[in-house]
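Notes to accompany the following structure.
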Amino acid sequence: MNGVVRRGALIVLEGCDRCGKSTQARKLVDTLVAGGTPAELWRFPERSSSIGQLIGSYLEKKSEVEDHAIHLLFSANRWESVPRMRKLLQDGTTVVVDRYAYSGVAFTAAKEGFDIEWCKQPDRGLPEPDLVLYLTIGAEDAAKRADFGGERYEQTDFQKRVADMYGLLREDRWETLDASQSIKDLHDQIAKLTRDIITRVENKPINKLWM
Ligand code: FDM
Ligand code: MG
């Protein structure tokens, strides 16, 4: 024991609606904690802050917000959490996040008149994820699962455009996983990838995204 705190890893789950991100994020945190690894489950948008409430109202179609403005609010909703996220990571807690800046870019860039570079700019400098788990399901499975709840963006044609945008965002730290396999098989795969990454980054600094 030399008193050196090993930092936690930042693990991000991404993918289209209904691909099982939230289920897998929850199961991953449960497994880590049960195995003695400190871990916390996060999600974006974080709807409880003042900014998050504006976003929630927009997603529930209770209010209209101009497309650029809502993009910046989604980003601000991440930035307002950064001090808490950094502290947790530095204190050795692994943070598992259900959606992050990639959702921010993919969902806005799927709209008319937006380019990816513009969309990425506000999130530049956020804590860089150590691992991005990108869950995909084929068109057929997606249609079977598409019991959308009526929130904004929950439409099959829009989700297809979002998937195309995700395709343009792929990075070295992405693992693309087939989400049509069983919940358990997918979980086992995710848990293994995560354990490997936690060990690999524990002595590394936290980098800045897209810089
Ligand atoms: N979403 C999510 C965005 O458009 N931008 C973002 O930055 C984030 C984090 O919000 F349709 C979209 C994606 C989704 C909606 O997400 C709410 P959840 O996971 O269904 O709560
Ligand atoms: Mg949703």
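We count ligands from 1, going down the list as the structure has it; atoms in each ligand are counted the same way. Treat the numbers as computed from the prediction; the structure is a model and nothing was measured.
- To the nearest 0.5 Å, the span separating CG on Leu54 from CZ on Arg47 amounts to 12.5 Å.
- Residue contacts with ligand 1 for Arg47 involve side-chain atoms from C-beta outward but no N, CA, C or O (heavy atoms, distance under 4.0 Å).
- Geometrically, ligand 1 and Glu151 share no nitrogen or oxygen pair separated by less than 3.5 Å.
- Residues Gln189 and Gln181 bring a donor and an acceptor atom of their side chains to less than 3.5 Å of each other.
- Per-residue contacts place Leu59 under 4.0 angstrom from the following atoms of ligand 1 (heavy atoms of the residue considered): 10 (O), 15 (C), 17 (C).
- Ion pair Asp164/Lys160 not flagged as a salt bridge, since none of the NZ, NE, NH1 or NH2 atoms sits closer than 4.0 Å to an Asp/Glu carboxylate oxygen.
- Taking a 4.0 Å cut-off on heavy atoms, Arg43 registers as neighbouring ligand 1.
- The OH atom of Tyr166 sits 11.5 Å away from atom OG1 of Thr176, with the distance rounded to the nearest 0.5 Å.
- Using a 4.0 Å cut-off to heavy atoms of Phe44, the atoms of ligand 1 that qualify are 9 (C).
- For ligand 1, the atoms sitting less than 4.0 Å from at least one non-hydrogen atom of Gly104 are 5 (N), 6 (C), 7 (O), numbered in the order shown with element in parentheses.
- To the nearest 0.5 Å, atoms CD1 (Ile11) and OH (Tyr100) are separated by 12.0 Å.
- Lys21 does not count as a contact of ligand 1, since none of its heavy atoms falls under 4.0 Å from the ligand.
- For the residue pair Glu14 / Ser103, a side-chain donor-acceptor distance below 3.5 Å is found, with atom types taken as modelled.
- Here the CZ-CE distance, from Phe107 to Met165, works out to 12.0 Å after rounding to the nearest 0.5 Å.
- Listed by number with element, the atoms of ligand 1 under 4.0 angstrom from any heavy atom of Arg78 are 6 (C), 7 (O), 9 (C).
- With Tyr153, Phe74, Tyr100 as candidates, the residue nearest to atom 1 (N) of ligand 1 on a non-hydrogen basis is Phe74.
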